[in-house]
Amino acid sequence: MALPALGPALPEIILAIGAIAMVLVGAIQRERAARLLEGVALILLAATLVLVITGEGRATTFNGGFVVDAFARFMKVLTLIGAGAAILLASSPLRRDGVMRFEFPVLVVLATIGMMMMISANDLIGLYVGIELQSLALYVVAAFDRDSARSTEAGLKYFILGTLSSGMLLYGGSLVYGFTGTVSFTGIAAATQGGHAGLGLIFGIVFIAAGVVFKISAVPFHMWTPDVYEGAPTPVAAFFASAPKMAAMAMVVRIFIGAFPGAIHDWRQIIVFISIASMALGAFAAIGQRNIKRLLAYSSIANMGFALVGLAAGTPDGVQGVITYMAVYLATTLGAFACVLMMRRDGKLVEDMSELAGLSRTNPWMAFAYSMMMFSLAGIPPLAGFWAKFYVFLAAIDAKLYVLAVVGVLTSVVGAYYYLRIVKLIYFDEPKPAFENGDLGVRTVLFVSALFVLALSLVPAPLFNSAAAAAKSLF
């Protein structure tokens with residue numbers, strides 16, 4: 001039996017070898033290794049990013065179970081950027097709070113390998129392996145501040161609900177295998193080519209949808225998100241809101257577009273329901289929130305609903321909208337969490353929204369960047385968030401999903417209330433005492449995120465064109 005070609009999986013292999021080496025160095029150096037391994041992790045992620053960007057064409061390996069195409073490369077780039085930003089955001093804050101240990105960058109790298117496997121998985125087995133590798137690392141990261149009751153509670157909640165979703169995914173996968181006779185996405189697509197799927201296969205699709213929707217924290221499997229975001233250390237919450245979301249959304253798109261194109265009329269109803277429920281709950285539940293991290297958690301739920309609008313269309317334009325939306329979401333979310341990490345006074349992070357009052361007079365640069373992120377998340381033209389929503393809604397209208405598009409616009413208006421409330425606090429309320437100066441890594445992430453959002457607002461064409469090329473590779 002011939003050995004599989006390792007070229008397509010070279011980025012993942014390099015990260016895996018690097019993670020093993022990092023564990024060995026950490027075990028030998030112990031406490032002195034944390035700062036060194038942060039740098040090693042960033043170099044590994046940067047080298048992998050270069051490898052991914054320079055790849056071309058479409059390639060498969062491991063008996064067709066692992067695929068690399070333009071879509072996979074684009075989403076891997078977003079995932080790697082999110083992982084690298086998470087390490088930059090976490091370095092100084094976790095060290096100042098006495099939480100940083102050498103295991104943190106190792107766990108981030110291991111989770112990133114799982115995410116990249118999720119993006120490239122072309123069969124149910126590879127998909128499950130990728131999910132579990134990512135999830136096991138994230139369970140530990142969520143409870144990384146082991147002296148904090150909130151953090152350990154967050155890790156436990158995520159672990160219990162995560163194992164439930166894994167069970168649902170496995171059960172759904174076993175049903176799909178039983179009714180199609182294959183675990184390969186290509187084979188499943190061939191088996192469902194005749195139109196509507198049978199009842200047993202529909203049950204399998206529903207359970208798979210339940211398993212994967214948990215990973216993007218969409219309704220009705222969203223319940224862990226606000227508690228985990230609030231309880232986990234803030235840099236960890238930033239990580240949860242960025243890189244894993246990129247990988248999970250890519251996985252959802254590849255499953256439904258790649259494995260069930262013939263059953264689109266069956267799974268579209270599931271995606272439409274999840275999308276509407278997520279947009280509505282995220283918009284209305286966030287209104288009463290005072291904790292900024294919980295508000296961003298509900299914002300994340302709503303944003304996943306908006307991204308799913310493009311998937312519900314089931315067209316190349318719809319997938320292009322999803323890719324564009326996720327890229328903009330990554331930049332705005334990282335920028336928003338960088339601002340949250342700069343909300344430090346008397347050596348402690350403050351999380352109440354009211355603490356932002358009058359920020360424009362104590363830190364004009366941070367106030368401008370924070371407000372731009374909020375305007376973009378609200379979808380205010382001409383910022384990047386407006387174009388992201390415009391493209392997913394346009395794809396839904398082209399697919400004659402008028403109700404979905406209308407609900408999306410209405411929930412965007414509702415959601416704008418709590419984003420604009422933050423801007424009102426920043427610019428129109430009496431100022432609170434100034435925050436401490438942010439750490440270099442946090443300020444770097446905020447600057448790059450703000451620059452990216454501003455550039456996309458002025459010149460959106462390069463992102464749209466790249467997203468269009470990535471989307472076409474799936475069809």
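From a predicted model like this one, the values you see are computed outputs, not experimental measurements.
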Requested in this report: Measure the spacing between OG of S371 and CG of L359 and express it to the nearest 0.5 Å.
Outcome: 7.5 Å
Query raised in the report: With a cut-off of 6.0 Å (strictly less than), are more than 12 heavy atoms of other residues, nucleotides or ligands near CG of D352?
Result: yes
Requested in this report: For the pair Y298 and Q289, evaluate side-chain contact (heavy atoms from CB on, under 4.5 Å) and give the outcome as yes or no after the intermediate values.
Outcome: CA-CA 9 Å; Y298 283 110; Q289 301 300 320; 3.4 Å; yes
Report task. Answer yes or no: is there a side-chain heavy-atom contact under 4.5 Å between F221 and L164? Result -> no
Query raised in the report: Judged by atom type as modelled, is there a donor-acceptor pair below 3.5 Å linking the side chain of S473 to the main-chain atoms of F71?
Result: yes
Report task. Would you check if the side chain of R421 reaches a backbone N or O of I287 as a donor-acceptor pair within less than 3.5 Å? Result -> yes
Query raised in the report: Where the side chain of T333 meets the backbone of L330, is there a donor-acceptor pair that is under 3.5 Å apart?
Result: no
Requested in this report: Please assess R254 against M75 for the test side-chain contact (heavy atoms from CB on, under 4.5 Å), listing each intermediate value before the final yes or no.
Outcome: CA-CA 11 Å; R254 192 175 291 282; M75 298 307 292; over 6 Å; no
Query raised in the report: Is a side-chain donor or acceptor of S449 paired with a backbone partner of V445 at a separation under 3.5 angstrom?
Result: yes
Report summary line: All heavy atoms of P233 vs all of K293, minimum pair found to be C-NZ, 4.3 Å
**Report entry** Worked check of side-chain contact (heavy atoms from CB on, under 4.5 Å) between V328 and F452
**Finding:** CA-CA 9 Å; V328 173; F452 185 78; 5.5 Å; no
Requested in this report: Drop me the distance from L51's CG to L10's CG, to the nearest 0.5 angstrom.
Outcome: 5.5 Å
Query - Residues, nucleotides or ligands: over 12 heavy atoms within 6.0 Å of W224 CH2 - result: yes
Requested in this report: Taking the side chain as every heavy atom from C-beta outward, state whether L404 and M279 have any atom pair closer than 4.5 Å.
Outcome: yes
Report task. Give a yes-or-no answer on whether the side chains of K76 and T48 include a donor-acceptor pair shorter than 3.5 Å. Result -> no
Requested in this report: Kindly say whether V219 contributes a backbone atom to a donor-acceptor pair with the side chain of S278 at under 3.5 angstrom?
Outcome: yes
Query raised in the report: Sub-3.5 Å donor-acceptor pair from the side chain of S91 to the main-chain atoms of I87, do we have one?
Result: no
Report task. Determine the interplanar angle of the Y158 and Y139 rings, folded into 0 to 90°, and report it as parallel if under 30°, tilted if 30 to 60°, perpendicular if over 60°. Result -> perpendicular
Query raised in the report: How close do A19 and I113 get, heavy atom to heavy atom, and via which atoms?
Result: CB-CD1, 4.4 Å
Query raised in the report: Do the numbers put R101 on top of the ring of F144, so that NZ or CZ is under 6.0 Å from the six-membered ring centre and no more than 45° off the axis?
Result: yes
Report summary line: Rounded to the nearest 0.5 angstrom, the OG1-NZ distance for T225 and K157 is 11.5 Å
**Report entry** Pairwise distance NE2(H222) to CD1(I274) - rounded to 0.5 angstrom
**Finding:** 12.5 Å
Report task. Determine yes or no for a side-chain-to-main-chain donor-acceptor pair under 3.5 angstrom, with S174 supplying the side chain and Y171 the backbone. Result -> yes
Query raised in the report: Can R96 and E436 be counted as an ion pair, charged N to O under 4.0 angstrom?
Result: no
Query raised in the report: Would you say L410 has more than 12 foreign heavy atoms packed within less than 6.0 Å of its CG?
Result: yes
**Report entry** Beyond-backbone contact of L124 with I208, side-chain heavy atoms, under 4.5 angstrom
**Finding:** yes
Query raised in the report: Is the closest side-chain heavy-atom distance between L456 and W387 below 4.5 Å?
Result: no
Report task. Please report the closest heavy-atom contact between A154 and V228, naming both atoms and the distance. Result -> O-CG2, 3.5 Å
Query raised in the report: Which residue pairs pass the ring pair (Phe, Tyr, Trp, His ring centres under 6.0 Å) test with at least one member in residues 319-349, sequence neighbours excluded?
Result: none
Query - Geometric class of the W267/F256 ring pair [parallel <30°, tilted 30-60°, perpendicular >60°] - result: tilted
**Report entry** S300 side chain vs L296 backbone, donor-acceptor pair below 3.5 Å
**Finding:** no
Query raised in the report: What orientation do Y391 and F464 show, parallel under 30°, tilted 30 to 60°, or perpendicular over 60°?
Result: tilted
Query raised in the report: Using a distance-only test with no angle check, is there a side-chain donor-acceptor pair under 3.5 angstrom linking S299 and Y419?
Result: yes
Query raised in the report: Are any non-hydrogen side-chain atoms of F273 and L308 less than 4.5 angstrom apart?
Result: no
Requested in this report: Taking atom CZ of F159 as the centre, report whether more than 12 heavy atoms of other residues, nucleotides or ligands fall under 6.0 Å from it.
Outcome: no
Query raised in the report: Nearest 0.5 Å, what's the CG-OG distance between L377 and S412?
Result: 11.0 Å
Query raised in the report: Does L15 reach the side chain of L45, with side-chain heavy atoms less than 4.5 Å apart?
Result: yes
Query raised in the report: Can you find a heavy atom in the side chain of Y229 that is under 4.5 Å from one in the side chain of T234?
Result: no
Query raised in the report: Under the salt bridge (charged side-chain N to carboxylate O under 4.0 Å, His left out) test, which residues partner R344, sequence neighbours left out?
Result: D97
Requested in this report: State whether the side chain of S242 and the backbone N or O of F239 hold a donor-acceptor pair below 3.5 Å, judged by distance alone.
Outcome: yes
Query - Heavy atoms of other groups near N437 CG, more than 12 under 6.0 Å - result: no
Report summary line: The reported gap from OG in S354 to CD1 in I422 (rounded to nearest 0.5 angstrom) is 11.5 Å
Query - Test side-chain contact (heavy atoms from CB on, under 4.5 Å) applied to S166 and F214, step by step - result: CA-CA 9 Å; S166 292; F214 174 88; over 6 Å; no
Report summary line: Looking only at heavy atoms, the pair that brings G65 and D123 closest together is CA-OD2, 3.4 Å
Report task. Take atom OH of Y427 as the centre, draw a 6.0 Å sphere, and report whether it contains more than 12 heavy atoms from other residues, nucleotides or ligands. Result -> yes
Report task. Identify the two heavy atoms, one from G318 and one from A313, that lie closest to each other, and give their separation to 0.1 Å. Result -> CA-CB, 4.3 Å
Report task. Please confirm whether the backbone N or O of M372 pairs with a side-chain atom of S376, one donor and one acceptor, at under 3.5 Å? Result -> no
Query raised in the report: Side chains of S217 and K245: donor-acceptor distance under 3.5 Å anywhere?
Result: yes
Requested in this report: Taking all heavy atoms of I323 and all of A471, pick out the closest pair and write down the distance.
Outcome: CD1-N, 3.8 Å
Query - Sub-4.5 Å side-chain heavy-atom contact between P235 and L341 - result: yes
